[in-house]
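These notes concern the structure reproduced below.
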Protein chains: 2
Amino acid sequence: MKNTHDHHICQSKALQHINEQCRKKNIRLTPIRQQVFDEILQSHKAIKAYDILQNMSTPGEMVKPPTVYRAIDFLLEHGFIHKIESLNAFIACYHEHNKDCFQLLICDECGTVSEQINNKISHEMKLLSEKENFTLQHPIIELHGTCFQCNTTGTKS
Amino acid sequence: MKNTHDHHICQSKALQHINEQCRKKNIRLTPIRQQVFDEILQSHKAIKAYDILQNMSTPGEMVKPPTVYRAIDFLLEHGFIHKIESLNAFIACYHEHNKDCFQLLICDECGTVSEQINNKISHEMKLLSEKENFTLQHPIIELHGTCFQCNTTGTKS
DNA sequence: TGATGTTATGTTATAATATAACATTTGTTT
DNA sequence: AAACAAATGTTATATTATAACATAACATCA
């Protein structure tokens with residue numbers, strides 16, 4: 001199946017970004033954190049914590065949940081990954097956004113997740129919050145549906 | 001503490017609505033489903049499945065998870081309640097909306113959840129989806145922050 | 001340098017959320 | 001009443017996530 005983009009470019013950009021940021025902010029990208037980020041970076045599909053666990057484990061050496069969850073917490077805290085609440089899964093952040101408002105398009109057919117930064121939506125969220133005298137701190141926007149590829153081909157990738 | 005609205009009105013409206021709908025659609029609001037809905041209807045705070053379990057149990061008769069989860073599934077399916085994915089919790093639907101796009105304002109101080117139906121936001125979601133050739137089926141919009149009351153009083157309700 | 005504090009990791013156990021699978025009962029239709 | 005469908009009961013277990021405490025690695029500066 002033809003892919004609409006070269007994921008290696010995303011990956012190397014994201015890697016560059018995380019390395020830069022860690023240097024700049026003087027936070028430590030330890031081997032475990034690196035490994036967990038690499039797992040999440042593999043594709044544009046969301047990955048679950050226990051799948052990361054599995055992938056990082058060998059018959060001789062089973063990685064334990066706190067190891068992975070702690071790395072995930074670190075990556076989330078610094079915005080290198082996002083949690084998809086409706087899937088209990090994680091996706092790498094490919095935008096270098098300082099903005100705290102982004103939208104996730106989640107294809108329920110193939111599992112692909114696409115991160116969008118739409119200023120109009122951010123703006124409308126702000127307006128709604130103001131209208132309701134609500135101090136918006138953390139917007140979660142997860143849009144489930146079917147992506148173009150799956151609509152077109154009718155197959156799972 | 002003064003409350004900004006009379007929750008009993010919400011409750012009775014929602015009760016009326018669910019009864020009407022069940023009659024109209026010829027679906028059964030059994031005692032268990034009624035009970036679970038009542039629990040969720042208690043307040044404008046989200047409630048968790050295991051709290052419902054607790055509330056429905058007596059020392060002599062412990063309700064078991066599938067009982068509650070099945071009722072929740074029924075109520076979700078017919079739009080009488082909503083799941084808040086970022087809290088793993090549930091809230092009654094007080095709008096009689098056929099619309100599939102609503103926004104939840106979630107106060108992280110006091111736990112109050114307010115359901116909004118904002119046409120501009122729905123519209124922008126549609127535009128974004130179209131732009132990305134994405135068939136939107138189920139939008140999830142959960143806005144975390146602090147409500148007016150909590151901002152003002154600095155206390156938890 | 002090595003004493004000290006801080007950050008990260010290891011380890012064990014368990015909490016919290018959710019579903020599978022199969023048996024039984026209740027309701028509905030004819 | 002027979003037969004089917006829908007709902008509930010019951011047991012077990014899967015999945016997701018964290019608490020609590022021990023140890024190791026790193027940082028810093030007297």
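Predicted, not measured: the structure shown is a model, and the values here were computed from it. Just the heavy atoms: all of them, side chains too, but no hydrogens, waters or symmetry mates, feed the values below.
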Report summary line: Comparing B:E61 with B:I27, nearest DNA chain D nucleotide closer to 5' gives the residue B:I27

Query - Atom NZ of B:K24: over 12 foreign heavy atoms under 6.0 Å - result: no

Rounded to the nearest angstrom, tell me the gap between atom [atom1] in [X] and atom [atom2] in [N].
X	N	atom1	atom2	result
A:K25	C:dT7	NZ	P	16 Å
A:E77	C:dT7	CD	P	11 Å
A:R33	C:dT7	CZ	P	11 Å
A:E85	C:dT17	CD	P	13 Å
B:L29	D:dA6	CG	P	17 Å
B:N26	D:dA5	CG	P	16 Å
B:I47	C:dA16	CD1	P	15 Å
A:D51	D:dT15	CG	P	10 Å

Query raised in the report: Are B:Q21 and B:H78 linked by a side-chain donor-acceptor pair shorter than 3.5 Å?
Result: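 Judged by distance alone, the side chains do not pair up.
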
Query raised in the report: If you measure only the distance, is there a donor-acceptor pair under 3.5 Å linking the side chains of A:H44 and A:S114?
Result: no

Query - Pair B:E39-B:N55, side chain to side chain donor-acceptor pair (under 3.5 Å): steps then yes or no - result: CA-CA 8 Å; B:E39 286 296 334; B:N55 294 346; 2.9 Å; yes

Requested in this report: Return no unless some side-chain N or O of B:N88 is found under 4.0 Å from OP1 or OP2 of D:dT16.
Outcome: no

Query raised in the report: Are A:K48 and D:dT15 close enough that a side-chain N or O sits under 4.0 Å from OP1 or OP2?
Result: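 Answer no for this pair, as no side-chain N or O of A:K48 is under 4.0 Å from OP1 or OP2.
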
Query raised in the report: So which of B:H138, B:H97, B:H95 actually passes ring pair (Phe, Tyr, Trp, His ring centres under 6.0 Å) with B:F102?
Result: B:H97

Query raised in the report: Out of C:dA18, D:dA17, D:dT8, which has the shortest distance to the side chain of B:K83?
Result: C:dA18

Query raised in the report: Among C:dA18, D:dT8, C:dT9, which nucleotide sits nearest the side chain of B:A49?
Result: C:dA18

Requested in this report: Decide yes or no, distance alone: a donor-acceptor N/O pair under 3.5 angstrom between the base of D:dA14 and the side-chain of A:Y50.
Outcome: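 Flag unset: no donor-acceptor pair detected.
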
**Report entry** CD1-CD distance between A:I106 and B:Q137, expressed to the nearest 0.5 angstrom
**Finding:**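 That separation rounds to 12.0 Å.
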
Query - From B:L127 atom CG to B:E132 atom CD, the distance as rounded to the nearest 0.5 Å - result: 12.0 Å

Query raised in the report: Can you list, by residue number, the residues of residues 62-69 of chain A that have a non-hydrogen atom closer than 4.0 angstrom to DNA chain C?
Result: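 Listed by number, they are A:K64, A:P66, A:T67.
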
**Report entry** Plane angle bin for A:F37 and A:F80 - parallel if under 30°, tilted between 30 and 60°, otherwise perpendicular
**Finding:**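 Geometry flag for A:F37 against A:F80: perpendicular rings.
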
Query raised in the report: Are B:H7 and B:Y94 close enough that their ring centres sit under 6.0 Å apart?
Result: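 Yes, the ring centres sit under 6.0 Å apart.
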
Query - Residue mapping more 5' on DNA chain C - nearest nucleotide basis, B:D73 or A:I32 - result: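 Closest to the 5' end, via its nearest nucleotide, is A:I32.
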
Query raised in the report: What does nucleotides 22-28 of chain C look like as a protein-contact string, B for base, S for sugar-phosphate only, - for none, at under 4.0 angstrom between heavy atoms?
Result: -----S-

Query raised in the report: Is there a donor-acceptor contact under 3.5 Å from the side chain of A:E142 to the main chain of A:L105?
Result: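 No, A:E142 side chain to A:L105 backbone: no donor-acceptor pair under 3.5 Å.
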
